[in-house]
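One structure is given here, and the rest of the page talks about it.
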Amino acid sequence: MTTPEVGSRVPSADTLLTGTTSPGAVGAPFDAEAVRHDFPVLHRPVNGHPLVWLDNGATTQKPRQVIEALGAYYGVANSNIHRGAHTMAREATALFEESRTAVAAFLGAPSPEEIVFTRGTTEAINLVAQSWGRDNLGPGDEILVPVLEHHSNIVPWQLIAKERGARVVPVPLLADGTIDQDAYADLLSYRTQLVAVSHASNVLGTVPPLREMIALAHRYSATVLVDGAQAVAHFPVDVQELDADFYVFSGHKLFAPTGIGALYGKPELLAGMRPWQGGGNMIESVDFGETTYAPVPHRFEAGTGHIAGVVGLLSALKWLGALDRDAVVAYETALMDYAQQALSAVPGLELLGSAPERIAVLTFTLAGVDPSTVAEWLDRDGIAIRAGHHCAQPALRHFGLESAARASFALYNTPEEVDTLVSSLSRLRQQAG
Ligand code: PMP
């Protein structure tokens, strides 16, 4: 990575975020091999083997454009934002706000003012639970949460429900790992204040029929929060088309740095929400008599945020924006079909869930082998997968499991890597007898 010399360029997004044009520009067929050149880490060995990164559900790797944007930001543009009257504060603020505009465009939100930067999905959900939830949930109210949700879309609701005398009601799954839509329709009522549902499951890959689910919830005047943590890297999102009330995601699962994410909220909802954390940046005026708060979104951004992360997120969105996302979807779907077939051929391997609409996440068990042993075995071959409960214990328990192995794919994975995975698993299976 080359760090620009101080003063070598004026840090606007155009100059700071250079080299964001990736191979496979819009209109061209998607070329995973070309895209891999953007990811330095994919070319390192692990335990003497080429790295096969299949832990994308936990976090994606970062393209050099994002890595360089972080270096360039700190090299020529570092400043706190919003409050300074000097040139660098103005430049850093402009970058920060440009990223907000880019996030709004990325999510199909009408205005950047509907985007709040957070540490990630978990913080965004907690923000909504603590701010919106405290004023909109009361005794007898219900929050519907499908059984397949990540713990971060369950526990914040349990915490606020307990405080407010409301109830978290699980929406059951069908055998294939889809949400039981009949049960969902039955459970919805005028007691339902909120539906919290993921756009794609991190453990089963399930992509639910969200537009229909949201429309149904709105018939009961329920608010809907969508957890987009696993969705955003896999397919384009349009919050207006979904008619989502809140939409949240994490940058680190989207080729951007850790510690940065965003919350989208409909303006009428955000405007009515009380501050969550208090501090600098979120106020209009502070007085021991009465303190008034900044308008949204700044009201929800107390303290100094992860400015470099916001710039890194902008770089990641520009990088992703240079790709033909429909071609990426087609590529990942074909890759998942290939992986599904290849894995099914491994004796004793059982895949969890078979939802018709899903992202490239394959969770499995191997007869007679503990999932953690599977992960350790694969690691010796340089293959990174995840084993455990995947922060989705209710979903795993639906299948009678406490633990499973998970291979989760991204746009830079290849059929050859699937072959490497399958070959390693087949050897483990043979050895296990
Ligand atoms: N929801 C889903 C569906 C996830 O997969 C994850 C991360 N595994 C989260 C929420 C939490 O994301 P973060 O840890 O980045 O806040």
Side-chain angles (χ1 to χ4, degrees), residues 53-62 103 107 116-130 143 145-159 168 170-171 173 177-179 195-208 210 213 224-235 237 242 244 246-264 276 305-306 309-310 312-313 316 352-353 355 357-363 384-396 398 403-410:
W53 183 258
L54 297 177
D55 197 15
N56 295 287
T59 199
T60 57
Q61 296 301 346
K62 319 303 173 202
V103 171
L107 295 179
V116 179
F117 285 118
T118 65
R119 279 198 300 125
T121 303
T122 303
E123 188 174 75
I125 295 174
N126 277 279
L127 191 166
V128 175
Q130 294 297 317
I143 304 163
V145 178
V147 165
L148 53 59
E149 294 306 308
H150 188 277
H151 294 166
S152 65
N153 202 21
I154 300 175
V155 183
W157 305 119
Q158 290 177 323
L159 290 170
V168 174
V171 183
L173 295 183
T178 54
I179 299 169
V195 175
V197 56
S198 59
H199 205 174
S201 154
N202 69 307
V203 66
L204 302 176
T206 309
V207 177
L210 263 197
M213 290 180 72
V224 182
L225 176 138
V226 180
D227 170 356
Q230 292 293 335
V232 285
H234 293 287
F235 52 81
V237 171
L242 287 173
F246 294 110
Y247 196 100
V248 299
F249 74 91
S250 301
H252 73 96
K253 295 180 199 283
L254 184 66
F255 315 110
T258 52
I260 189 66
L263 158 70
Y264 156 80
W276 177 39
H306 186 6
V310 168
L313 178 58
L352 260 61
E357 295 290 325
R358 54 196 305 203
I359 53 163
V361 167
L362 295 174
T363 295
I385 64 145
R386 189 83 177 261
H389 55 55
H390 311 293
C391 299
Q393 286 181 317
L396 276 190
H398 169 78
S403 174
R406 179 187 72 180
S408 50
F409 297 80

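In listed order, ligands and their atoms are each counted from 1.
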Proximity to ligand 1 by part of Asp227, non-hydrogen separation under 4.0 Å: side chain
Polar contact flag for Ser198 and ligand 1 (N/O pairs, less than 3.5 Å): no
Closest heavy-atom pair and its distance - Gln393, His151: N-NE2, 2.8 Å
Pairwise side-chain contact, Tyr264 with Val248, heavy-atom cut-off 4.5 Å (strictly under): no
Residue, atom name and distance, where the atom is the protein heavy atom closest to atom 5 (O) of ligand 1: Gln230 NE2, 2.7 Å
Per-residue contact class, His252 against ligand 1 - non-hydrogen pairs under 4.0 Å: side chain
Whether Tyr247 and His199 hold their rings parallel, tilted or perpendicular, with breakpoints at 30° and 60°: perpendicular
Subset of ligand 1 atoms that lie under 4.0 Å from at least one heavy atom of Ser152: 1 (N), 9 (C), 10 (C), 11 (C)
Taking atom 16 (O) of ligand 1 as the reference point, the nearest protein heavy atom with its distance: Thr122 OG1, 2.6 Å
Smallest separation among heavy atoms of Asp55 and Ser408, with atom names: C-OG, 3.4 Å
Residue and atom name of the nearest protein heavy atom (relative to atom 4 (C) of ligand 1), distance in Å to one decimal: His150 CD2, 3.3 Å
4.5 Å side-chain heavy-atom contact, Asn153 and Leu225: yes
Nearest atoms (heavy-atom pairs only) where Ala196 meets Pro146: O-CD, 3.1 Å
Check: Ser250 N/O within less than 3.5 Å of ligand 1 N/O: yes
Passing candidate, side-chain contact (heavy atoms from CB on, under 4.5 Å) with Leu263, options Ile125, Val128, Val103: Val128
Lys253, portion touching ligand 1 at heavy-atom distance under 4.0 Å: side chain
